[in-house]
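Protein chains get the first letters and strands the later ones, always in sequence-line order, with residue 1 at the start of each.
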Number of protein chains: 2
Amino acid sequence: MTTIKDIARAAGVSITTVSRALNGYSDVSEKTRKKIIELSKELNYSPNTLARGLVMNKSKTIGLLVSGFSKESIKDNFTFEVLAGINQYAAETDYDLVLFNTNSTMQREKTYTQLCRERRVDGVILQGIRTDDPYLQEVVESNIPCVLIDIPVETDNVAFVSTDNVLGAEKAVNHLIELGHRNIAMINGHDHAFVSRERLKGFKQGLGAHGIPFREEWAVNGEFTEKEAEKAALELLKKYPEITAVFCASDLMAFGAVKAVSTLGMSVPQDVSIIGYDDILLAEYFSPGLTTIAQDRQMLGFSAARLLTEMLQEESAPKHIVLETKLKIRQTTAQARNRS
Amino acid sequence: MTTIKDIARAAGVSITTVSRALNGYSDVSEKTRKKIIELSKELNYSPNTLARGLVMNKSKTIGLLVSGFSKESIKDNFTFEVLAGINQYAAETDYDLVLFNTNSTMQREKTYTQLCRERRVDGVILQGIRTDDPYLQEVVESNIPCVLIDIPVETDNVAFVSTDNVLGAEKAVNHLIELGHRNIAMINGHDHAFVSRERLKGFKQGLGAHGIPFREEWAVNGEFTEKEAEKAALELLKKYPEITAVFCASDLMAFGAVKAVSTLGMSVPQDVSIIGYDDILLAEYFSPGLTTIAQDRQMLGFSAARLLTEMLQEESAPKHIVLETKLKIRQTTAQARNRS
DNA sequence: GTGAAAGCGCTAACAC
DNA sequence: GTGTTAGCGCTTTCAC
């Protein structure tokens with residue numbers, strides 16, 4: 001494998017000159033530069049990034065710590081779309097991505113910091129970790145530049161990007177209220193998700209803005225899974241026949257809720273309106289089409305990557321980005337009717 | 001950042017001894033080993049993989065060259081599931097994954113070999129490239145260990161994994177024939193996909209085995225997209241009213257075909273049976289549920305990763321793996337009826 | 001069982 | 001403009 005040494009020998013110059021020429025420094029005569037560039041092509045030279053990284057103490061790589069490689073996340077595709085966004089941005093830079101994985105027992109033995117330091121990644125993007133994940137604590141304590149997706153932590157070396165979950169939830173509630181619903185329940189994710197807390201907040205705000213009191217017992221957790229949400233919806237709808245609409249904090253959970261409604265011999269949206277959150281691909285293909293709050297997951301990843309590279313270049317980079325959401329009206333929401 | 005030098009100093013030994021102790025060599029006294037291990041924990045040491053890679057001339061990383069980060073591939077999810085499989089296997093090894101991307105204009109300037117050599121990846125997995133992709137030629141010529149997904153090239157340093165596309169297609173055809181269909185059309189991908197050629201072969205074999213002649217004009221290309229397939233199906237069904245069933249080489253294309261049928265005022269499966277290939281998530285959620293040939297994409301990735309690590313360890317590793325497919329009967333296929 | 005020394009391929013002072 | 005030199009953190013002969 002060709003090294004700069006080989007080129008230096010062939011060109012009759014020192015390795016320093018080769019290095020300088022190849023890296024575009026100005027203090028090399030045009031003539032020697034040309035010769036060196038030519039020779040490097042001829043000899044089929046590729047720089048050794050390991051060696052370069054070793055001496056420069058940076059690797060031009062971004063570490064990815066994503067939790068969503070399970071069966072479940074294949075369904076909602078969240079991880080992949082975020083990944084696609086990150087990849088898309090990275091493609092325009094000279095950073096490569098290295099995929100760490102947190103879901104294996106073996107990797108769990110290594111701490112977040114170890115993972116990153118061993119590979120000498122310049123920065124990290126974290127996605128899909130819970131607020132009580134031990135890794136999170138480490139992030140804050142370590143001094144590795146880091147961008148969190150959907151977790152609002154902001155320090156000198158950590159930034160975050162998320163969507164406006166409060167406003168998003170409020171949009172959902174507003175939509176239901178505009179359709180005449182007053183008795184609205186919510187199926188949330190779990191308490192260790194930042195987005196859940198935010199969406200609950202938005203839910204309450206939406207109700208409050210229209211003078212509708214928030215009822216504690218109408219807001220339950222569905223753990224972000226279809227199954228749990230179905231169970232929760234079943235109980236809720238049985239116990240409180242006055243409920244005419246349910247806001248679910250994820251589309252997958254909304255599917256569960258729809259199933260629950262039909263299990264009870266009712267239909268969506270005639271008897272109960274259901275609105276989801278995410279706008280995953282299935283939402284459109286689901287029958288009936290799911291009304292939901294759309295968030296641009298790819299942009300989430302794209303922005304995260306951009307934010308991180310900015311952080312790596314300048315001190316004064318912005319420290320967080322909040323993206324907008326959009327209401328997608330499909331067939332699971334309709335005018336309120338009395339079902340009791 | 002702690003280095004072995006620091007540990008050596010703290011332990012009062014040479015760096016050689018530290019290196020040996022940390023790497024589990026036998027010729028270190030238990031006493032010093034213990035001390036070194038302890039010290040390394042205390043000092044919060046992480047080995048520098050760049051330095052190690054530089055001297056050992058391998059990086060313990062696997063390069064991933066996948067083409068599917070586009071909008072379209074979010075729909076079929078193929079890339080992600082393969083990725084999940086690779087990741088799952090990698091999690092059990094000490095290899096990390098580096099994501100290269102081929103879809104950007106910038107990266108196109110770098111050759112396959114450059115990409116790999118710069119990062120000093122130990123091996124590569126390629127997925128989603130066409131048989132006429134210039135990268136493919138390079139793979140064969142380079143001496144970088146490589147596993148191809150769904151492209152049958154086998155040399156000293158390249159192996160492949162795929163599913164049995166011939167048999168898969170034959171299963172599809174058999175299913176249709178068993179339902180009484182004799183006039184069966186096929187909508188294939190494109191000629192530069194190995195899987196397309198194989199599936200066509202299986203299609204012909206299936207017909208032949210039952211004495212049904214293959215009609216050239218009934219086998220058209222749909223470019224693996226929903227839109228193109230819809231167009232193709234529309235033409236086909238209009239022109240040849242005797243066709244009662246269509247085998248599509250991907251689920252996405254099958255969706256297009258279903259749409260075409262309904263555009264023509266007919267219904268699936270009463271008038272025309274449609275069978276897909278892949279069993280993507282949407283196939284199940286699609287209405288009506290799509291009958292299809294299922295392939296285990298995650299296993300595809302998992303096997304590729306396993307094969308590659310085996311190649312990296314021993315010379316005598318097996319050089320290809322072919323996975324089985326499975327017929328999934330849902331609602332788009334039914335008993336043949338005369339529609340002309 | 002342990003250490004000295006060389007070197008992996010590269011960059012970056014510092015001279016000239 | 002160009003070369004000399006040192007050194008990034010590690011592994012690996014080769015001595016002892």
Side-chain angles (χ1 to χ4, degrees), chain A residues 1-37 39-40 43-61 94 96 113-122, chain B residues 1-37 39-40 43-61 94 96 113-122:
Chain A
M1 195 144 304
T2 320
T3 71
I4 50 170
K5 222 193 241 168
D6 301 319
I7 299 179
R9 198 179 316 122
V13 297
S14 75
I15 58 166
T16 317
T17 305
V18 177
S19 174
R20 278 194 284 240
L22 258 26
N23 288 306
Y25 281 58
S26 57
D27 54 352
V28 180
S29 81
E30 257 327 297
K31 211 180 108 205
T32 47
R33 153 166 291 122
K34 219 169 205 163
K35 192 166 162 195
I36 287 170
I37 302 268
L39 237 34
S40 78
L43 297 177
N44 209 359
Y45 169 76
S46 307
N48 185 331
T49 54
L50 298 181
R52 179 182 283 157
L54 180 59
V55 50
M56 310 234 300
N57 205 26
K58 57 184 165 155
S59 60
K60 281 289 176 187
T61 55
D94 46 355
D96 279 328
T113 334
Q114 274 172 329
L115 238 34
C116 297
R117 287 198 311 199
E118 285 191 7
R119 287 288 173 197
R120 290 299 188 274
V121 297
D122 297 335
Chain B
M1 194 141 305
T2 320
T3 70
I4 52 168
K5 222 193 239 169
D6 300 318
I7 300 178
R9 199 180 314 124
V13 296
S14 74
I15 58 166
T16 315
T17 305
V18 176
S19 173
R20 280 196 281 241
L22 258 25
N23 288 306
Y25 281 58
S26 56
D27 54 351
V28 181
S29 80
E30 257 327 297
K31 213 181 106 202
T32 46
R33 153 166 291 122
K34 217 168 208 166
K35 191 166 164 191
I36 287 169
I37 302 270
L39 237 34
S40 77
L43 297 177
N44 208 359
Y45 169 76
S46 305
N48 185 333
T49 55
L50 297 182
R52 178 182 286 159
L54 180 58
V55 50
M56 310 234 299
N57 204 26
K58 56 184 164 157
S59 60
K60 281 289 173 186
T61 55
D94 45 355
D96 279 328
T113 335
Q114 274 172 329
L115 237 35
C116 296
R117 287 198 310 201
E118 286 190 8
R119 288 287 175 196
R120 290 299 188 275
V121 297
D122 298 335

How close do B:Arg52 and B:Pro47 get, counting heavy atoms only, and between which atoms?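 So the two residues come closest at NH2-CB, 3.8 Å.
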
Non-hydrogen atoms of B:Asp122 and B:Lys58 that approach each other most closely: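 Reported closest heavy-atom pair: OD1-CB, 3.1 Å.
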
If you check the [X] side chain, which of [options] turns out closest?
X	options	result
B:Ser29	C:dT2, D:dC8, D:dT2	C:dT2
A:Arg52	C:dT11, C:dG9, C:dG7	C:dT11
A:Met56	C:dC10, C:dA12, D:dT2	C:dA12
B:Val28	C:dT2, D:dC10, C:dC10	C:dT2
B:Leu54	D:dT2, C:dT2, D:dG9	D:dG9

Whichever of B:Val55 and B:Glu30 has the more 5' nearest nucleotide on DNA chain C, that residue is B:Glu30

Tell me which residues in residues 13-21 of chain B put a heavy atom below 4.0 Å from DNA chain C, sorted by number, or none. B:Val13, B:Ser14, B:Thr16, B:Thr17, B:Arg20

Rounded to whole angstrom units, what separation is found between the [atom1] atom of [X] and the [atom2] atom of [N]?
X	N	atom1	atom2	answer
B:Arg120	C:dC8	CZ	C1'	10 Å
A:Lys58	D:dC8	NZ	P	18 Å
A:Leu43	C:dG9	CG	C1'	16 Å
A:Lys34	D:dG1	NZ	P	16 Å
A:Asn48	C:dC8	CG	P	12 Å
A:Arg33	D:dT2	CZ	P	10 Å
B:Asn57	C:dG9	CG	P	7 Å
A:Ile36	D:dG1	CD1	P	14 Å

Flag, side chain of [X] to backbone of [Y], donor-acceptor distance under 3.5 Å:
X	Y	result
A:Ser46	B:Gln114	no
B:Thr49	A:Glu118	yes
B:Arg117	A:Tyr45	no

Distance col, row A:Leu50:CG vs B:Leu54:CG, nearest 0.5 angstrom, shows 6.5 Å

Please determine whether a side-chain nitrogen or oxygen atom of [X] lies at a distance below 4.0 Å from atom OP1 or OP2 of [N].
X	N	result
A:Asn23	C:dT11	yes
A:Tyr25	D:dG1	no
B:Thr32	C:dG1	no
A:Lys5	C:dC8	yes

Just to verify, which of A:Asp94, A:Asp96, A:Val121 counts as forming a side-chain contact (heavy atoms from CB on, under 4.5 Å) with A:Lys60?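 Passing option: A:Asp94.
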
Please report the C-alpha distance between A:Thr16 and A:Ser19 in whole Å, then the side-chain angles of each, then the deciding distance to 0.1 Å, and finally whether the side-chain hydrogen bond (donor to acceptor under 3.5 Å, both in side chains) criterion is met. CA-CA 5 Å; A:Thr16 317; A:Ser19 174; over 6 Å; no

